[in-house]
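We name chains A, B, ... by the order of the sequence lines, and we start the count at 1 in each one.
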There are 2 protein chains.
Amino acid sequence: MSTKKISEGTISRLFIYLREITALVRMNIRTISSAELGERTNLTDAKVRKDLGQFGQFGVSGSGYDTGELKVALERILGKDKTWNVAVVGTGQLGSALLAYPGFKQHKLSVVAAFDADTKKIGKKISGVMIDSIEDMPKIIKEKKISIGVVAVPSESAQDAAEKLVAAGVSCILNFAPTSLSMPEKVKVKDVDLSRELETLSYFLANKR
Amino acid sequence: MSTKKISEGTISRLFIYLREITALVRMNIRTISSAELGERTNLTDAKVRKDLGQFGQFGVSGSGYDTGELKVALERILGKDKTWNVAVVGTGQLGSALLAYPGFKQHKLSVVAAFDADTKKIGKKISGVMIDSIEDMPKIIKEKKISIGVVAVPSESAQDAAEKLVAAGVSCILNFAPTSLSMPEKVKVKDVDLSRELETLSYFLANKR
DNA sequence: GTATGTGAAGTAATTCACAGCT
DNA sequence: AGCTGTGAATTACTTCACATAC
């Protein structure tokens, strides 16, 4: 495990490569050059090589990368060999949709707990997941070894929900509330904000020549 | 309208500032410094000033920014004064959810058409929007002056759906398929890929010290 | 000949730091 | 005195280009 810092961009592209490589392996294509891989992912050959180069030397001069080997290497680098437990805070419209979302399982993330401030909901199940009281969060997060917390509450309560998750021991937050959380350095926060994506499109339309 | 290129990062932060400023105006706070605005948005004072500085001089030395003025300026810059028409291609689980999603309307985007390849669905309505045949896309996109296309089809059909949208005249694509689209320079593509966000979290967990 | 891996060059984004305005 | 606007310095990211390996 090297010590130099890897950029978010690189990580996110590694997943793109992995997806493509997986498809190639399925198609029985054994070898691929950085140029071809770049073509297929709409990236440049240099970027492909630089990204991969940060983790070791996977290629063979003159012929390219072995798809099978690269797939295994990327899976290891990206931690696709382990499963992580997830808790969702907030079980409104969005929270419920997330509890039903199959993508978590597909990415080796297992949603094992849900929390809601509304006492009427506690004890009920959504998509097979029991809704617990916020008060029980510390105990449950520890017991179930949960490392990812999903914030699916309104903006006003988002900071509070995130702080409770972190206090209980999670180290990653996936934030769906359209507000910026302040969190200690060591906590990884990922904002998912569809509104902002939409807004960016409006800007582009308003300002294109 | 200046001619220098504005980065995506800046645009996306302007929306963050606007959100905060709107809250401040509601709270009757008349003036704010870049340092305070940075504090509230978890950004630095210098970044706030640099971002705003690209569009003009909105501040007053010694006192800061007038929240009311800044709000109006940001709204104008970001095109929040116009409404844009949207078409959704694909009316499966995701497409249907998007047709029901209130966020479009909130951001002055109006979903006025939906398309699906499945002939059994054509003529039906989802959340009040009629599902049309892909064949009618060119006509409908033009008639309804649609400028944003949302791709909510499986990966295999995503490139094709996007090309049809562009051929029909849209200039922005919001892509929900986990695949990279190749599109002409002039088309703005925005990828929304929850899977990739989730995967990035796994990486962080797998690799934290 | 073909394609990698990687320093060096070139761009872009961020942070610093301060002159100048109120 | 307080805070903006902005060049200059720094840091991060990307692209170039080529020596090296097969």
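Rounded to whole Å, atom C1' of D/dA12 lies 15 Å from atom CD1 of A/I11. The CD-P distance, from A/Q54 to C/dG7, rounds to 12 Å in whole Å. As a whole-Å value, the separation of B/F55 CZ from D/dG5 C1' is 15 Å. Taking atom NZ on B/K50 and atom C1' on C/dA17, their separation rounds to 11 Å, with Å as the unit. Going from atom CG of A/D45 over to atom P of C/dT4 covers 8 Å, rounded to whole Å. Look at CG on A/D51: it is 14 Å from C1' on C/dT6, rounded to the nearest Å.
Within 6.0 Å of CD on A/E135 lie no more than 12 heavy atoms contributed by other residues, nucleotides or ligands.
Side chain A/K47 to base D/dT15: no donor-acceptor pair is found below 3.5 Å.
Picking from C/dA3, D/dG7, D/dT4 the nucleotide with the shortest atom distance to the side chain of A/S61 gives C/dA3. With D/dT6, C/dT6, D/dT15 as the candidates, the nucleotide lying closest to the side chain of A/T44 is D/dT15. The side chain of A/S7 approaches D/dC13 more closely than any other nucleotide in the set D/dT4, D/dC13, D/dT15.
Under a 3.5 Å cut-off, the side chain of B/Q159 and the backbone N or O of B/S182 do form a donor-acceptor pair. Without hydrogens or angle criteria, B/T22 side chain to B/L18 main chain gives a donor-acceptor distance under 3.5 Å.
For residues 60-72 of chain A, the set of pairs meeting the salt bridge (Lys or Arg N to Asp or Glu O under 4.0 Å) definition, not counting sequence neighbours, comprises A/K71-A/E75.
A close approach under 4.0 Å does occur between a side-chain nitrogen or oxygen of A/Y65 and OP1 or OP2 of C/dG5. The side chain of B/Q57 contributes no N or O atom lying less than 4.0 Å from OP1 or OP2 of C/dC21. The phosphate of D/dG5 (OP1 or OP2) has no side-chain N or O of B/R49 nearer than 4.0 angstrom. The side chain of B/S34 places an N or O atom within less than 4.0 Å of a non-bridging phosphate oxygen (OP1 or OP2) of D/dT4.
Positionally, the nearest nucleotide of DNA chain C for A/G64 lies more toward the 5' end than for the other of A/G64 and A/A46.
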Worksheet item: Please walk me through it: do B/I148 and B/L109 pass side chain to side chain contact (heavy atoms under 4.5 Å, CB included)?
Response: CA-CA 9 Å; B/I148 299 178; B/L109 301 175; 3.7 Å; yes

